[in-house]
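This report concerns only the one structure given below.
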Amino acid sequence: MNQMHKLYVHPLPVRIWHWTNAVSFILMILTGVQIRYIGMVNFMPFKTAIELHNLVGFVLIANFFLWFGFYLFSDKIKVYHPELSPMKHFRDSFRQMMFYGYGIFRGQPNPHHVSVYHKFNPMQSMTYQIIMLLLVPIQFYTGVLLWDVELFETGVNLFGGVRVVDTVHVLLFIFFSAFIFIHPYLASLGHTPTAHFKAMFTGYEEIEDEPAGL
Amino acid sequence: MISACSKAASFTRHLQFIVAFTIACCLPGIVPAHAAAGDLSPDVKNCLECHGQEKFEKPMADGETLSLHIPGRAFAASVHNPIGCAGCHSGIDLKKHPQPSKKKITVRENSIAMAKVCKECHDDKFKQYEGSIHAHLLRDGNDAAPLCSDCHSPHAVRPNTTAAPMTEVSCRQCHAGIYKVYADSVHGQARSKPGGKAAPLCPDCHKAHEVKAAASGDQIKDACLTCHSDALAAHKSWLPNADRHFEAVSCPACHAPAAKRRVNLRLYNSVALERVAERQGVPQFESRARSADSKGLGLDALALQSLLKEFNREGAESKTILRGRLEVTSGPEAHQLTEKDKAIKECDTCHHEGAAAFQTVTISIASPDGRAVHYGAQKEVLSAPTSVESIGGFYAIGATRIKLLDILFVLALMAGIGVPIGHMTLKWVFRKYRQKVEAELKATAAAKPEGLTASAGDASDSNSPKQ
């Protein structure tokens, strides 16, 4: 076994945000399924599902600003662009993708090595930025529009109507539903299956002296 | 008999009425004895010598007869008593009366002629009537369209302050079916109870003279909210998106729970913010709909797009869109209103796949008289991906969801579960090969001088964790 050392990579605000986000997303998906497929699934009353969906939705929005504020006003924002080189970022993302899709089966080492400002592999970093800065805000926006269609009539009409808003909201729901399965699986590809999960509770990643990590 | 309404005669009648009415109402101290309630003037009594006889009638055109009988007691109690017979029938020369008619007219033509007499004094009401669905029908030559005298027996008009029994409402003469349903409704039941005058009767919601086609706008909903002014606030306390429900669901759709419901996609002018109406004499809707519906099975999603394109052709003055509304399918059903605790309150009545409310879909336009002209559409238009644009403004969660998105959701779930399983399987399949390569790598690393195996990570920051 290689020598391990611990590295503090997940500050408390990030861990609070992450687990609040995780629980809330699962609740949003479950209540969303109940709302959309009432009659086919009946694990809670329709009205309760809507009220819970609305409540958790606003918790998620507040939580988003916790994440956004933390990264905006701390030097940790570097974890998303440690090199400030988009081309290198794309290249490394492709390398990481090749590792997960091919190299990992051939026993090749993980091209990414965790450090304080490199806590995400480039593929992770790019995915999270797309999710957090594009998809999640769109999901919040469409969700708020659907929360009170008449109050936000102008916004709804800009989209082309409530059906269009709902379609966008559901398309993103479909994406997040798939993501909620794939994300924990990728998180289990650390040096042990539970290593990254533990780290997200304690804040400390166990770093092998040899290249490893998600 | 009645003369033609010349301007001079009209002026005279008006003047007579004003004088008579002023004396009757404004100067009670010097009111002539005959003007008191229940009293008839000598002139009226004179007329009633003949017209007081029952079965006093005259033959009219087309073999009809016109009753000339005036019930004296009813006239004495009527609001028209003060103006006497001459107030309306001023063109009659008693010396020549009865004067044989030069040309026989029908009872209907007589009523039309007499309506012009009503206008002399009731001009405001007449103007309201002229914009009504009843006047539209009259202009279209509909013989059943009501005239003044069809609703107001001119010789027995009671004062507004007199509470007439519900059963005497004139609307029931033509709308008997609706009246029957109304009488059994929560409103009718309340009205029929002693002291139930506060409960609405037909004119309270539909207006007496400016009655419009019920489906033409929001006036009926507004009428509901006139009495039930706290309805929106009350709904907001339990109904999510209550404003939206008020906009897209008609009141009876929930408050007449036994009624059959449908989705009515109304052609709507998005600039003028009103329903699109056919132009008088140039109906286009039905022919355009038929042309789009080539198979005659009802408009499908593509036909709906095509129909909308027709209305938004180059040169169209404004953009026509479709505004959907959940409503009941007929007038009588709209009156089956029940107590509020019996109204539909369970969301899943409508918000589930296959809900009865979404099995019937129509497209509609307002005819020139305000009534809706409907054309059937296939119910699948509500869940077709190609309808996203054409009926973008109507959506009921759970009930009108797009099927394609459901398929995508299943595929996404399969991918979400399948990718990890597939990845794990491949890892297991290649485990021996991988272990071999990893062992070789370790051996190679062990053979290298110490220091070269250190992590290639970012040494610059890995040793300086910041919390």
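Worth saying up front: this structure is predicted, and the values here are computed from it rather than measured. Order of the sequence lines sets the chain letters (A, B, ...), proteins ahead of strands, with each chain counted from 1. The figures here come from the full heavy-atom set of this structure, side chains too, leaving out hydrogens, waters and symmetry mates.
For the atom pair OG of B/Ser306 and CG of B/Leu302, the computed distance is 9.0 Å after rounding to the nearest 0.5 Å. In this structure, CG on B/Leu322 lies 7.5 Å from CG on B/Leu307, to the nearest 0.5 angstrom. Rounding to the nearest 0.5 Å gives a distance of 7.0 Å between CZ of A/Phe179 and OG1 of A/Thr127. Rounded to the nearest 0.5 Å, atoms CH2 (A/Trp67) and OH (A/Tyr128) are 11.5 Å apart. To the nearest 0.5 Å, atom CE of residue A/Met28 and atom CZ of residue A/Phe173 are 10.5 Å apart. Atoms CZ and CD, on A/Phe25 and A/Gln139 in that order, are 7.0 Å from each other to the nearest 0.5 Å.
Near-neighbour residues of residues 46-59 of chain A relative to chain B, defined by a heavy atom under 4.5 Å from a heavy atom of that chain, comprise A/Phe46, A/Lys47, A/Ile50.
With a 4.5 Å cut-off on non-hydrogen atoms, A/Val33 touches chain B through its side chain but not through its backbone. For B/Ser387, the part lying near chain A is the backbone, with the side chain staying farther off; criterion is any non-hydrogen pair under 4.5 Å. Residue B/Ile391 touches chain A through both its backbone and its side chain, counting heavy-atom pairs closer than 4.5 Å. Only the backbone of A/Leu146 comes within contact range of chain B, with at least one heavy atom under 4.5 Å from a heavy atom of that chain.
Each of A/Ser74, A/Gly161, A/Gly107 has some count of heavy-atom pairs under 4.5 Å with chain B, and the biggest count is that of A/Gly107. Interface remark: of the candidates B/Phe430, B/Tyr433, B/Phe246, B/Tyr433 forms the most heavy-atom pairs closer than 4.5 Å to chain A. The residue among B/Tyr395, B/Phe394, B/Trp238 with the most heavy atom pairs within less than 4.5 Å of chain A is B/Tyr395. Of the listed residues (B/Arg401, B/His352, B/Glu440), the greatest number of heavy-atom pairs within a distance under 4.5 Å of chain A belongs to B/Arg401. For the options A/Gly101, A/Ser177, A/Gly203, heavy-atom pairs under 4.5 Å to chain B are most numerous at A/Ser177. Counting heavy-atom pairs closer than 4.5 Å to chain A, the top residue among B/Thr400, B/Leu408, B/Leu405, B/Val437 is B/Leu405. Looking only at heavy-atom pairs under 4.5 Å with chain B, the residue among A/Asp166, A/Val170, A/Leu171, A/Thr167 that has the most is A/Asp166.
For B/Tyr268 (side chain) and B/Leu273 (main-chain N/O), a donor-acceptor pair under 3.5 Å exists by modelled atom type.
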Distance-only donor-acceptor pairs under 3.5 Å for side chains of residues 410-427 of chain B, two or more places apart:
residue, atom, partner, partner atom, Å
B/His423, ND1, A/Tyr185, OH, 2.7
B/His423, NE2, A/Tyr100, O, 2.6
B/Thr425, OG1, B/Ile421, O, 2.6

>> Between B/Glu327 and B/Arg262, does the salt bridge (Lys or Arg N to Asp or Glu O under 4.0 Å) criterion hold? Intermediate values first, please.
In response: CA-CA 6 Å; B/Glu327 58 184 29; B/Arg262 71 175 171 206; 3.1 Å; yes

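When side chains are defined from C-beta on, B/Asn241 counts as touching A/Asp148, because their heavy atoms get closer than 4.5 Å. The shortest side-chain heavy-atom distance between A/Val149 and B/Glu247 does not fall under the 4.5 Å cut-off.
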